[in-house]
Number of protein chains: 2
Amino acid sequence: MILEKKKAFNSFAAAKGLRSTRQRDIILDIFLSTHQHISVEELYLKVKSSNPGIGQATVYRTLKLFAESGLAREILLHDGQTRYEHVVAGEHHDHLVCTGCNAIIEFEDETIENLQKDIALRHGFFIRSHKLEIYGLCSTCRI
Amino acid sequence: MILEKKKAFNSFAAAKGLRSTRQRDIILDIFLSTHQHISVEELYLKVKSSNPGIGQATVYRTLKLFAESGLAREILLHDGQTRYEHVVAGEHHDHLVCTGCNAIIEFEDETIENLQKDIALRHGFFIRSHKLEIYGLCSTCRI
DNA sequence: TATGCTTTTGAAAATCATTTTCATTTAGTC
DNA sequence: GACTAAATGAAAATGATTTTCAAAAGCATA
Ligand SMILES: [Mn+2]
Ligand SMILES: [Mn+2]
Ligand SMILES: [Zn+2]
Ligand SMILES: [Zn+2]
């Protein structure tokens, strides 16, 4: 599936008339090798460790492209750092965020999703995206 | 009810051992006279127009106190500006945010609230707060 | 009311994540 | 290989927020 994601991104880039660059390939490889909600700085450090030449601005720019291509989703929690997570086609989830240990637990709730659609409908509102974050303490931290 | 809110804040301040200052009184009066989701900068400008001497840092500091006291709620949307709204005792709502005109529509959904509690329970998670924001286009902007 | 101690304030500087600038390098085309 | 526009990296700029610090003000006490 990593190969498919690379292909998908390359199609997106081609359709957008973007050039294919060594930097983007490397950043994509490394992003795809990570798991869960990585911050730009964290990814930048990972990238830099194997490719010291790649600049921070390029990582910022490239992650934005990933999000635009549908490969990644931008997550803004309450710590002032933008994070990115992998998008799995056809799937969606929201987050429980532990303010004790910064753990992030993912959950899906079809009923909540549908209720949101109802609410939007009721207000004549067209949904582009939504964010549902529950902040508190995970089972470990609440002890 | 404005008087009650002032009293409530004064009790909070007293309990915290804070001194009563002209600046905080003025900022509280002006905050209570506003409606809906005001940004710190907006409130600062309002304050400055009648009280040019009051500094921005004081407005930042004071709004944080209001939130801490339970009088105000901090709202972080996706535009990089912190906003504050009035807290009505015993009430809670979430937001539909129009990315076209920046309008914010409030809604309440008891079922969604309860489902969140279920989810938390299922994960052994203790909820401190949550945010549910639906982004998209309001009925005016979608045309 | 004056004194002394401590908090609060305002202005300016600092912070920090992110974006922009711009000179240089590079990819894609001929 | 040469040309042209896009992409890059380093550094500067940005912008919201926080911190610093000297001066001002609140509050307890004499
Ligand atoms: Mn996730
Ligand atoms: Mn609201
Ligand atoms: Zn935890
Ligand atoms: Zn609108």
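The structure displayed is predicted, hence computed values, not measured ones. Lettering follows sequence order; numbering is per chain, from 1.
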Is the shortest side-chain heavy-atom distance between B/K48 and B/Q56 below 4.5 Å? no
Think B/Q23 has a side-chain N or O under 4.0 angstrom from the OP1 or OP2 of D/dA24? no
With sequence neighbours excluded, what pairs up with B/R83 under the salt bridge (Lys or Arg N to Asp or Glu O under 4.0 Å) test? B/E42, B/D79
Is there a donor-acceptor pair closer than 3.5 Å between any side-chain N or O of A/K16 and the backbone N or O of A/S69? no
Between B/S39 (side chain) and B/T82 (backbone), is there a donor-acceptor pair under 3.5 Å? no
What integer distance in Å separates [X]:[atom1] from [N]:[atom2]?
| X | N | atom1 | atom2 | result |
| --- | --- | --- | --- | --- |
| A/L28 | D/dA7 | CG | P | 16 Å |
| A/H78 | C/dA17 | NE2 | C1' | 16 Å |
| B/D79 | D/dT17 | CG | C1' | 14 Å |
| A/I26 | C/dT26 | CD1 | C1' | 14 Å |

Members other than B/I104 in its cluster, when Ile, Leu, Val, Met, Phe, Trp, Tyr link by side-chain heavy atoms under 4.5 Å? B/I75, B/L77, B/V97, B/Y135
Each residue besides B/L3 in its hydrophobic cluster should be listed here, by chain and number; the cluster joins Ile, Leu, Val, Met, Phe, Trp and Tyr at side-chain heavy-atom distances under 4.5 Å. none
Sequence neighbours left out, what passes side chain to side chain contact (heavy atoms under 4.5 Å, CB included) with A/K6? Give chain and number order. A/I2, A/L28, A/D29, A/L32
Please name all residues satisfying side chain to side chain contact (heavy atoms under 4.5 Å, CB included) with B/Q23, sequence neighbours left out, ordered by chain then number. B/T21, B/I54, B/T58
Side chain to side chain donor-acceptor pair (under 3.5 Å) with A/K46: which residues, sequence neighbours excluded? none
Cut-off 3.5 Å, side chains only: do A/H78 and B/E74 have a donor facing an acceptor? no
For residues 106-130 of chain B, pull every pair meeting ring pair (Phe, Tyr, Trp, His ring centres under 6.0 Å), keeping only residues two or more places apart or in separate chains. B/H92-B/H130
Show every ring pair (Phe, Tyr, Trp, His ring centres under 6.0 Å) that has at least one partner inside residues 19-53 of chain B, sequence neighbours left out. B/F31-B/F66, B/F31-B/H86, B/H37-B/H95
Hey, can you pull the residues of residues 7-22 of chain A with a non-hydrogen atom under 4.0 angstrom from DNA chain C? A/R19, A/S20
Near DNA chain C, which residues from residues 42-54 of chain B have a heavy atom under 4.0 Å away? B/G53, B/I54
Per-nucleotide protein contact string for nucleotides 18-24 of chain C, where B marks a base within reach and S marks sugar-phosphate only (heavy atoms under 4.0 Å, - for neither): BBBB---
Lys/Arg-Asp/Glu bridge criterion (N-O < 4.0 Å) met for A/E133, B/K131: no
Could I get a table of every N or O pair under 3.5 Å where one atom is in the protein and the other is in nucleotides 28-30 of chain D?
none

